[in-house]
Amino acid sequence: QVQLVESGGGLVQAGGSLRLSCAASARTLSTYVMGWFRQAPGKEREFVAAIRWNGHSTFYAESVKGRFTISGDNSKNTAYLQMNSLKPEGTAVYYCAAGRLLGISRYDGNYNYWGQGTQVTVSS
């Protein structure tokens, strides 16, 4: 069983930045794909970004490409999501997820473990 704990959410003005962290309970990152998803009120959960440690490949949703960066520190079992130039439509609960995948996936059903989520609110 893998436990994931997100932190770093909060209230920020449009154009500002936040860095989310996802701490894993086990030596997860080297063998899993780590993903970030978000869910805004009244909307379905959507893919944001993912990283595969072997080869360090990354993938982003078009809506965040160029503004968000996913990374990780294997020694700390922690994944990060650096969010710059935030927009009001980025207001959502952000979730970290881990999946035993051969490659990066944007489909949330492919991820085995989920954190509890952290709220990000972007004011206009």
Between CD on residue Glu44 and CG on residue Asp108, distance to nearest 0.5 Å: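 Result: 9.0 Å between the selected atoms.
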
Hey, what do you get for OG (Ser123) to CD (Gln13), rounding to the nearest 0.5 Å? 5.0 Å

Return all side-chain donor-acceptor pairs below 3.5 angstrom for residues 97-104, not counting sequence neighbours, or 'none' if the list is empty.
residue: Arg100; atom: NE; partner: Tyr32; partner atom: OH; Å: 3.1
residue: Arg100; atom: NH2; partner: Tyr32; partner atom: OH; Å: 3.3

Step-by-step side-chain contact (heavy atoms from CB on, under 4.5 Å) determination, Val5 to Gln116: CA-CA 7 Å; Val5 179; Gln116 83 288 349; 4.3 Å; yes

Salt bridge (Lys or Arg N to Asp or Glu O under 4.0 Å) against Lys43, all qualifying residues, sequence neighbours excluded: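 Here no residue qualifies.
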
Following the transitive rule for hydrophobic clusters with a side-chain heavy-atom cut-off under 4.5 Å over Ile, Leu, Val, Met, Phe, Trp and Tyr, establish whether [X] and [Y] coincide in one cluster.
X: Trp114; Y: Val33; result: yes
X: Ile51; Y: Leu18; result: yes
X: Val48; Y: Val120; result: yes

Check step by step if side-chain contact (heavy atoms from CB on, under 4.5 Å) holds for Ser17 and Gln82. CA-CA 7 Å; Ser17 298; Gln82 176 67 43; 3.9 Å; yes

Spell out, as yes or no, whether a donor-acceptor pair under 3.5 Å connects the side chain of Thr91 to the backbone of Thr121.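 Judged by distance alone, no pair lies under 3.5 Å.
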
Sub-3.5 Å donor-acceptor pair from the side chain of Ser75 to the main-chain atoms of Asp73, do we have one? no

Begin with the C-alpha distance, continue with both residues' side-chain angles, and end with the deciding distance and a verdict on side-chain contact (heavy atoms from CB on, under 4.5 Å) for Lys87 and Arg67. CA-CA 10 Å; Lys87 303 177 181 180; Arg67 299 185 298 117; 3.9 Å; yes

Indicate the atoms forming the closest heavy-atom contact of [X] with [Y], along with that distance.
X: Leu4; Y: Met34; value: CD2-CE, 4.1 Å
X: Ser105; Y: Ala50; value: O-CB, 4.4 Å
X: Leu86; Y: Met83; value: CD2-CB, 3.8 Å
X: Tyr60; Y: Thr69; value: OH-CA, 3.3 Å

Measure the shortest side-chain to side-chain distance between Ser21 and Glu6 over non-hydrogen atoms and say whether it is less than 4.5 angstrom.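 Not touching, per the 4.5 Å side-chain cut-off.
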
Contact between Thr118 and Leu20 at the side-chain level, heavy atoms closer than 4.5 Å - yes or no?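 Side chain of Thr118 against side chain of Leu20, heavy atoms only: contact under 4.5 Å found.
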
Qualifying residue, where the test is ring pair (Phe, Tyr, Trp, His ring centres under 6.0 Å) with Phe47 and the options are Phe59, Phe68, Tyr107: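 Considering Phe59, Phe68, Tyr107, a ring pair (Phe, Tyr, Trp, His ring centres under 6.0 Å) with Phe47 is found only for Phe59.
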
Checking side-chain contact (heavy atoms from CB on, under 4.5 Å) for the pair Tyr80/Cys22: CA distance, chi angles, key distance, verdict? CA-CA 6 Å; Tyr80 303 98; Cys22 173; over 6 Å; no

Ring centroid separation Phe37 to Tyr95 under 6.0 Å: no

Compute both the distance and the angle, then confirm whether Arg38 meets the cation-pi test with Tyr94: under 6.0 Å from the six-membered ring centre, within 45 degrees of the axis.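 Verdict for Tyr94: no cation-pi partner in Arg38.
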
